Amino acid sequence: MKIKFLAVISAAAMLALSACTPSHIVVQSDENQKTEAESTTEEAAQETEETKETEAQTAYTGEVPTGVNGGPGLIPTTTADQSDLPPDKRSTAAQETEEVVGIYCVDSTGVFMQMDVVPEINADTLLERLIMNLVLSPETELVDFTDNGDGTAVLELSELTAVYTKAKEEQVLACITDTYTENLGLTSITIKAGGKDYGTFEFTEEYDRT
């Protein structure tokens, strides 16, 4: 009976000592937890911004043009060729760098004017447009052009061959005369081609469409 009593006392003493032993568990306050959470969020955001900045810097690894051709991130551009489009269908930028001219052409109905554009109005560009508008043969070359400065000029071509085979020589000469006198502000022009002097002509409507 005494033994059992002693055992009960011993067990009670052990429980009392256990209850008095200081605990090593540390409980963080809500304020510390909040501070740690905010710090973690800020670090994650900073890492994300650094990643985005690195990706932006390495997105284009080619040679970047500088100066008049562009700056960082800019790729040089070119102006589209609109020479095959009619004047009213071209962009404003293209129209600002080109001159409108009247090119006189010929077909079965007679001589008529076709609007066209050139980068600059001169003897060479007018001949190019006469060829492009099927007045003169593509083999036609400008041998010489002399502006006398008094409203008259002399034009010499390598040949005088019309694309429209049924065109009369007078009609072809009228196309050349009207094109050059009207666009260059001439009163008359002397036309030579293939070593032949065709004479001096003024602007005429004699062969225009009826």
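Keep in mind that what you see is a predicted model, and the values were worked out from it rather than measured.
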How many angstroms lie between atom CG of Leu173 and atom CG of Asp178, to the nearest 0.5 angstrom? 10.5 Å
List for me each residue that meets side-chain hydrogen bond (donor to acceptor under 3.5 Å, both in side chains) alongside Glu182, sequence neighbours excluded, and say none if there are none. Tyr104
Drop me the distance from Thr125's OG1 to Ile121's CD1, to the nearest 0.5 angstrom. 7.0 Å
To the nearest 0.5 Å, tell me how far Phe112 CZ sits from Asp107 CG. 4.5 Å
Pairs of donor and acceptor atoms involving the side chains of residues 132-146, under 3.5 Å and at least two apart or interchain, shall be tabulated with distances.
unit_1: Asn133; atom_1: ND2; unit_2: Asp116; atom_2: OD2; d: 3.1
unit_1: Asn133; atom_1: ND2; unit_2: Arg129; atom_2: O; d: 2.8
unit_1: Ser137; atom_1: OG; unit_2: Glu139; atom_2: N; d: 3.2
unit_1: Ser137; atom_1: OG; unit_2: Glu139; atom_2: OE1; d: 2.5
unit_1: Thr140; atom_1: OG1; unit_2: Ser137; atom_2: O; d: 2.8
unit_1: Asp144; atom_1: OD2; unit_2: Thr146; atom_2: OG1; d: 3.1

After noting the C-alpha distance and the side-chain angles of Val172 and Tyr207, does the key distance pass the side chain to side chain contact (heavy atoms under 4.5 Å, CB included) rule? CA-CA 10 Å; Val172 178; Tyr207 304 101; over 6 Å; no
Tell me every residue that passes salt bridge (Lys or Arg N to Asp or Glu O under 4.0 Å) with Asp124, counting only those two or more places apart in sequence or in another chain. none
Under 4.5 Å between side-chain heavy atoms, hopping through other hydrophobics if needed: is there a path connecting Val118 to Tyr180? yes
Would you say Leu157 ends up clustered with Leu186 if hydrophobic residues are merged whenever their side chains have heavy atoms under 4.5 Å apart, either directly or through other cluster members? yes
Could you check whether atom CD of Glu205 has more than 12 heavy atoms from other residues, nucleotides or ligands sitting under 6.0 Å from it? no
Nearest 0.5 angstrom please: Glu169 CD to Tyr198 OH, how far? 5.0 Å
Scanning both residues in full, the closest heavy-atom pair of Gly102 with Asn183 reads O-ND2, 2.9 Å
Determine the minimum heavy-atom distance between Lys192 and Val154, stating which atoms define it. CE-CG1, 4.2 Å
How far apart are the closest heavy atoms of Val117 and Val101, and which atoms are they? N-CG2, 4.3 Å
Using the side chain to side chain contact (heavy atoms under 4.5 Å, CB included) rule, take Thr152 and Thr200 through it: C-alpha gap first, then chi angles, then the decisive distance, then the call. CA-CA 9 Å; Thr152 66; Thr200 301; over 6 Å; no
Consider only side-chain heavy atoms of I, L, V, M, F, W and Y, link residues closer than 4.5 Å, and tell whether Val106 and Met113 are in one cluster. yes
For the residue pair Leu130 and Cys175, what are the closest heavy atoms and their distance? CD2-O, 4.3 Å
Rounded to the nearest 0.5 angstrom, the OG1-CG distance for Thr187 and Asn148 is 9.5 Å
Side chain to side chain contact (heavy atoms under 4.5 Å, CB included) assessment of Glu202 paired with Thr181: CA-CA 7 Å; Glu202 296 180 353; Thr181 55; over 6 Å; no
Dump the intermediate steps for side chain to side chain contact (heavy atoms under 4.5 Å, CB included) on Asn122 and Leu184, then the final yes or no. CA-CA 7 Å; Asn122 55 47; Leu184 297 179; 5.6 Å; no
Just verifying a value: how many Å separate Leu155 CG and Ile191 CD1, rounded to the nearest 0.5 Å? 6.0 Å
